[in-house]
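Written out below as C-alpha cells is the structure these notes cover.
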Amino acid sequence: MENEKNEARPLNFLEKIIEDDLKNGRVPDGKIVTRFPPEPNGYLHIGHIKSICINFGLAEKYGGRCHLRLDDTNPAKEETEYIDSIKEDIKWLGFDWGKYEFYASDYYDKLYEIAINLIKEGKAYVDELSAEEMKEYRGSLTEPGKNSPWRDRSVEENLRLFEEMKEGKYPEGSLTLRAKIDMASPNINMRDPALYRIKYAHHPRTGDKWCIYPMYDFTHPISDAIEGITHSICTLEFEDHRPAYDWACSIDGIEHTPHQYEFARLNINYLLMSKRKLLYLVNNHLVSGWDDPRMPTISGVRRRGYSPEAMKDFVSRVGVAKVEGVVDYSLMEFCVREDLNKRAKRLMAVLDPLKIVIDNYPDDKVEYFEAEDNPEDENSGKHKIAFSKNLYIEKEDFMETPVKGYHRLYPGNEIRLKYAYYIKAESVEKDENGNILAVHCTYDPESRGGTTADGRKVKGTSHWVSADHALAAEVRQYDKLFKAECPGAATGNYLDDLNPDSLKVIPAAYIEEEGAKAKVGDYLQFIRNGYYCVDMKDSSAEHMVFNRTCTLKDSWAKQKAKMGL
RNA sequence: UGGGAUGUAGUGUAAUGGUAACACUGCAGAUUCUGGUUCUGCCUUUGGGGGUUCGAAUCCCUCCAUCCCAGCCA
C-alpha cells in the first residue's frame with residue numbers, strides 16, 4: 001500500500017527513443033550500448049556528471065552496458081594525468097565500466113585501413129592547401145565553398161601521398177587527407193572535412209608510432225561502430241556533425257550502425273564550466289588547483305564535501321532535454337543539503353568565539369552530556385560532550401542590546417545551551433575600550449539535559465564548547481567563487497566577478513573533542529553553522545582542517561537583511 | 001542575411017488533440033533542544049498573430065526571440 005508512492009518519473013526523450021528502439025527490435029540482442037567519451041585534455045567538471053549519468057544510467061536502466069572511451073586523437077593536448085583523474089572521478093560517482101575501457105587510439109590501425117579504402121574508392125584525397133587556403137576555399141556560412149585544386153588526383157597518387165604522410169615525409173600542416181563529399185553543402189561540416197592531419201607529437205599511448213592523427217568526425221563514429229555502440233549520446237553543439245557521423249558510419253565495410261542523439265549541456269548560474277577559464281584560474285593561482293573546493297570540477301566538489309549521491313540526484317532533477325538553459329545553483333545546494341542532512345554527523349563547533357563564564361557553576365567541575373550523532377537517523381549513536389564553567393558560544397549568539405526578533409542571549413534573557421543547561425546572561429565584562437571580554441551568566445541546575453521540570457520554554461538554543469576541552473582546528477569557510485549569476489556578463493571579463501570572500505580561513509576555531517575522530521570522507525554538520533568535511537589534502541591529526549561544504553538555510557539572516565541589519 | 005536546433009511559472013522538467021503539472025526558488029504560517037529539519041498554504045506558466053477542431057502547449061501557416069556551425073580541436 002505505502003509502496004505505491006513509487007513516483008514513476010516521466011521518461012525523458014532519450015528513454016523514449018530507447019524504449020521505442022527496444023520495442024521495435026532495433027537493438028541487437030536487446031542490449032543497448034552507450035559510451036562516455038571524454039577527451040583526456042583536462043579535468044572533468046559538473047557538466048560531465050550529467051553526461052556520465054545519462055550514459056551509464058541508461059545502460060543500467062535498460063540492462064545494457066556503457067563503455068568508457070578516452071577520445072585521444074589529439075596528442076598535442078592530452079596527458080596521462082587527465083586519464084587517471086577521469087577514471088577516478090567516474091568511480092567516485094559510483095559507476096563501473098568493467099572491462100569496457102577503450103581508447104580511440106586502439107583503432108588507429110583500423111582507421112588507417114579504412115582511410116586507404118576510402119582513397120581507393122575515390123572518396124578521399126590528399127590536399128595540399130594550407131590552413132588559410134582551406135579556410136578560403138571552404139566558403140562562408142552564406143556562401144558555398146569551392147573545390148580544392150587537389151581534389152581530383154588519381155587514386156595512385158593519393159595512396160602514395162598518404163603513405164608518405166604516414167612515413168613522416170612531410171612537415172606538419174603541409175598535407176591533409178580529406179573526405180570528398182560536397183563543397184557546396186549548406187552544412188559546413190560536410191564541405192570535404194579533414195580526416196587526417198600531420199602532427200609530430202608524442203602520444204601518451206602510441207608514443208611516436210604515428211605522425212598522422214585521425215580527426216574527430218572520422219574517429220568518433222567509427223569507434224562507436226567498432227564497439228557496437230547503439231546510442232551515441234552527445235551534446236547539442238554536435239547536431240551539425242550528425243550528417244558527418246552518418247557519412248562515416250555508411251562507409252563500406254562498417255557493419256554496425258550506431259545513431260547519434262544530442263541533449264542540452266548543463267549550465268549552472270554562478271559557475272563557469274569552460275576549461276579554458278578554469279585553467280586560467282589554476283595557472284594564475286586564483287584557486288589552489290583543479291581540486292580547489294571552489295572549483296566546479298568533480299575533484300573540486302569532492303574535496304568540498306559534496307556527496308556523489310547528491311550530485312547524481314541533482315542531475316536527475318535537472319532532467320534531460322534539448323533546451324539550452326541555466327539551472328539554479330540553489331537546486332544543487334538543495335540536493336547537497338537534503339543528502340547531507342540525512343547522513344552528516346552533528347558536532348558542535350564555535351567559529352567566532354565569545355567567552356561565557358557560568359558564575360554559579362563550580363570552578364573545577366566537569367560533567368558530560370550526551371549528544372546525538374544525527375537526529376535524522378534513528379540508527380545513529382550518541383557521543384559525550386564536556387561541560388564546564390568556562391565556555392565559548394558564537395559571538396552572533398549574544399547581543400548587548402537586542403534587535404527586534406532576536407531571541408538569543410542578551411542581558412536578562414535565558415537561553416538553552418544545547419544538550420546542557422539553561423543559562424541567563426547577568427553581566428558583561430569589557431576592557432578599557434569597551435570590547436566585550438566575557439559574558440557572565442548563571443545556570444539553572446534544574447535544567448540539566450536541556451529541559452526543565454517546570455517545562456518552561458526558551459526561544460533560543462545555542463551550541464557551545466567547553467573552553468578547557470575544545471580542540472583548535474583550522475576551518476575554511478568556502479563560498480561561491482563568483483558573485484555574479486553569469487560571471488563576466490556585466491563587464492565582459494569573468495575575473496571582474498570573482499568573489500573576494502569565496503574563502504575565509506579561521507585559523508583556530510573551537511571544535512568539541514569528538515571532532516578529533518573525524519576522517520577524510522566523513523560528512524559532518526557543525527550544528528547551526530553548516531556542513532563540513534575534513535580536507536583531504538591538508539588535514540592531519542596534529543592540525544585538523546575542515547572545509548565548509550555549504551551553509552545551512554538561515555531564515556534569521558534573511559529576516560535581518562530585510563530589516564536592514 | 002546559408003544551415004541546424006530550441007521556445008511551457010523566476011529556474012529546470014512533465015503533459016503529444018480532452019481540466020496545464022512536478023520539483024527548486026520566493027512568500028506566509030505551524031512544529032522544533034539546530035532561526036536547521038519536518039508539515040501546511042500561497043504566488044506566477046504554454047513567445048506573438050492567424051488557422052484547423054466540439055476542443056490546441058500539442059496539428060498547420062506566419063512572425064519573433066535565443067542558441068550552435070566557417071579548427072589541420074573535441
Side-chain angles (χ1 to χ4, degrees), chain A residues 7 9-12 37-39 41 71-74 76-78 104 127 129-131 134-136 138-145 172-178 185-191 193-199 212-213 215-217 219-220 234-243 262 264 266 269 314 317-335 337-338 341-342 346 348 372 375-376 405-408 415-420 422 449-451 457-463 525-530 551-560:
Chain A
E7 68 276 29
R9 184 176 58 77
L11 300 181
N12 64 47
E39 180 188 13
N41 68 344
D71 218 343
D72 55 350
T73 55
N74 186 355
K77 289 186 176 178
E78 296 151 6
D127 199 355
L129 253 28
S130 69
M134 202 183 281
K135 189 180 160 97
E136 280 174 38
R138 189 155 32 232
S140 73
L141 292 177
T142 51
E143 297 156 327
E172 269 186 34
S174 59
L175 298 180
T176 54
L177 183 74
R178 290 231 257 170
S185 170
N187 182 340
I188 291 181
N189 297 307
M190 298 298 273
R191 318 239 261 233
L195 264 22
Y196 271 91
R197 78 288 212 187
I198 299 169
K199 224 174 248 285
I212 56 171
Y213 290 93
M215 300 287 291
Y216 170 86
D217 276 332
T219 312
H220 203 91
C234 61
T235 45
L236 247 29
E237 66 267 30
F238 291 100
E239 272 174 328
D240 290 341
H241 290 256
R242 198 180 335 130
E262 310 87 9
L266 176 60
N269 55 12
F314 169 60
R317 282 169 187 265
V318 165
V320 182
K322 299 190 74 147
V323 191
E324 278 277 14
V326 183
V327 176
D328 275 333
Y329 188 90
S330 62
L331 179 62
M332 186 169 68
E333 280 201 314
F334 168 82
C335 294
R337 288 188 183 119
E338 186 180 57
N341 179 48
K342 289 195 210 95
R346 269 62 169 176
M348 296 210 278
E372 294 174 288
E376 303 294 321
Y406 189 82
H407 48 245
R408 302 180 187 179
I415 62 159
R416 171 171 40 233
L417 292 180
K418 193 169 172 72
Y419 302 126
Y422 282 18
T451 50
K457 305 258 188 197
V458 286
K459 278 191 161 177
T461 299
S462 282
H463 59 280
Q525 183 194 99
F526 290 169
I527 291 176
R528 301 209 303 139
N529 271 315
T551 59
L552 259 24
K553 281 218 280 196
D554 189 348
S555 58
W556 170 238
K558 260 184 195 171
Q559 197 177 320
K560 274 197 300 188

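Proteins come first, then strands; the chains are lettered A, B, ... in the order of their sequence lines, and each starts at number 1.
Contact annotation: R138(A) side-chain N/O to C72(B) OP1/OP2 distance is under 4.0 Å. Using a 4.0 Å cut-off, some side-chain N or O of K135(A) falls inside it from OP1 or OP2 of G71(B). At the phosphate of U34(B), neither OP1 nor OP2 sits under 4.0 Å from any side-chain N or O atom of R346(A).
The residue Q559(A) sits close to a base: some heavy atom pair falls under 4.0 Å. At the heavy-atom level, K77(A) lies under 4.0 Å from base atoms of the strands shown. Note on R317(A): only backbone sugar-phosphate atoms sit closer than 4.0 angstrom, heavy atoms only; bases stay farther off. Within 4.0 Å (heavy atoms only), M215(A) reaches sugar-phosphate atoms of the nucleic acid but no base atom. Here T451(A) lies in heavy-atom contact (under 4.0 Å) with a base. In this structure, T176(A) reaches the bases: a heavy-atom distance under 4.0 Å links it to at least one base atom across the strands shown. Using a 4.0 Å heavy-atom distance criterion, D240(A) is classed as a base contact. Among the heavy atoms of the strands lying under 4.0 Å from A131(A) is at least one base atom, whether or not backbone atoms are also near. S330(A) comes within 4.0 angstrom of the backbone, heavy atoms only, and of no base. Counting any heavy atom pair closer than 4.0 Å across all strands shown, P37(A) reaches no nucleic acid atom. Here D71(A) lies in heavy-atom contact (under 4.0 Å) with sugar-phosphate atoms only. The residue H220(A) sits apart from the nucleic acid: no heavy atom pair falls under 4.0 Å. Within the nucleic acid shown, E376(A) comes within 4.0 Å of at least one base atom, counting heavy atoms only. Within the 4.0 angstrom heavy-atom criterion, no nucleotide atom of any strand lies near I198(A).
Nucleotides U62(B) and U40(B) have their P atoms positioned 49 Å apart, rounded to a whole Å. Comparing the C1' positions of C60(B) and U53(B) gives an interatomic distance of 12 Å, to the nearest angstrom. For G17(B) and C22(B), the C1' atoms lie 22 Å apart once the distance is rounded to whole Å. Comparing the P positions of U31(B) and C39(B) gives a spacing of 16 Å, expressed to the nearest Å.
Atom-to-atom, CD1 of I415(A) to P of G35(B) comes out at 10 Å; the value is rounded to the nearest Å. Here A74(B) presents its C1' atom at 12 Å from NZ of K199(A), a figure rounded to the nearest Å. Look at CG on L266(A): it is 11 Å from P on G12(B), rounded to the nearest Å.
Comparing G325(A) and G405(A) along RNA chain B, the residue whose closest nucleotide (by nearest heavy atom) sits nearer the 5' end is G325(A). Taking the nucleotide of RNA chain B with the nearest heavy atom to each of S130(A) and L11(A), the more 5' of the two is matched to L11(A).
Within a 6.0 Å sphere centred on NZ of K135(A), other residues, nucleotides and ligands contribute 12 heavy atoms or fewer.
Once the 5.5 Å centre distance and the 30° plane angle are applied, the aromatic ring of Y216(A) is found not to be stacked with the base of A74(B).
With its glycosidic angle more than 90° from 0, G36(B) is assigned anti.
In a base pair of the Watson-Crick type (N1 to N3 plus N6-O4 or O6-N4) or a G-U wobble (N1-O2 and O6-N3), with each distance short of 3.5 Å, U38(B) is matched with A30(B). U66(B) is paired with A5(B) under the Watson-Crick or G-U wobble criterion, all donor-acceptor distances under 3.5 Å. With a cut-off of 3.5 Å on both pairing distances, the Watson-Crick or G-U wobble partner of C24(B) is G10(B).
No option in I212(A), L175(A), N74(A), L177(A) other than N74(A) meets the side-chain contact (heavy atoms from CB on, under 4.5 Å) test with R197(A).
Between the base of U34(B) and the side chain of Q525(A) there is a donor-acceptor pair shorter than 3.5 Å. Evaluation of atom-type donor-acceptor distances gives a pair under 3.5 Å for the side chain of R408(A) against the base of G35(B).
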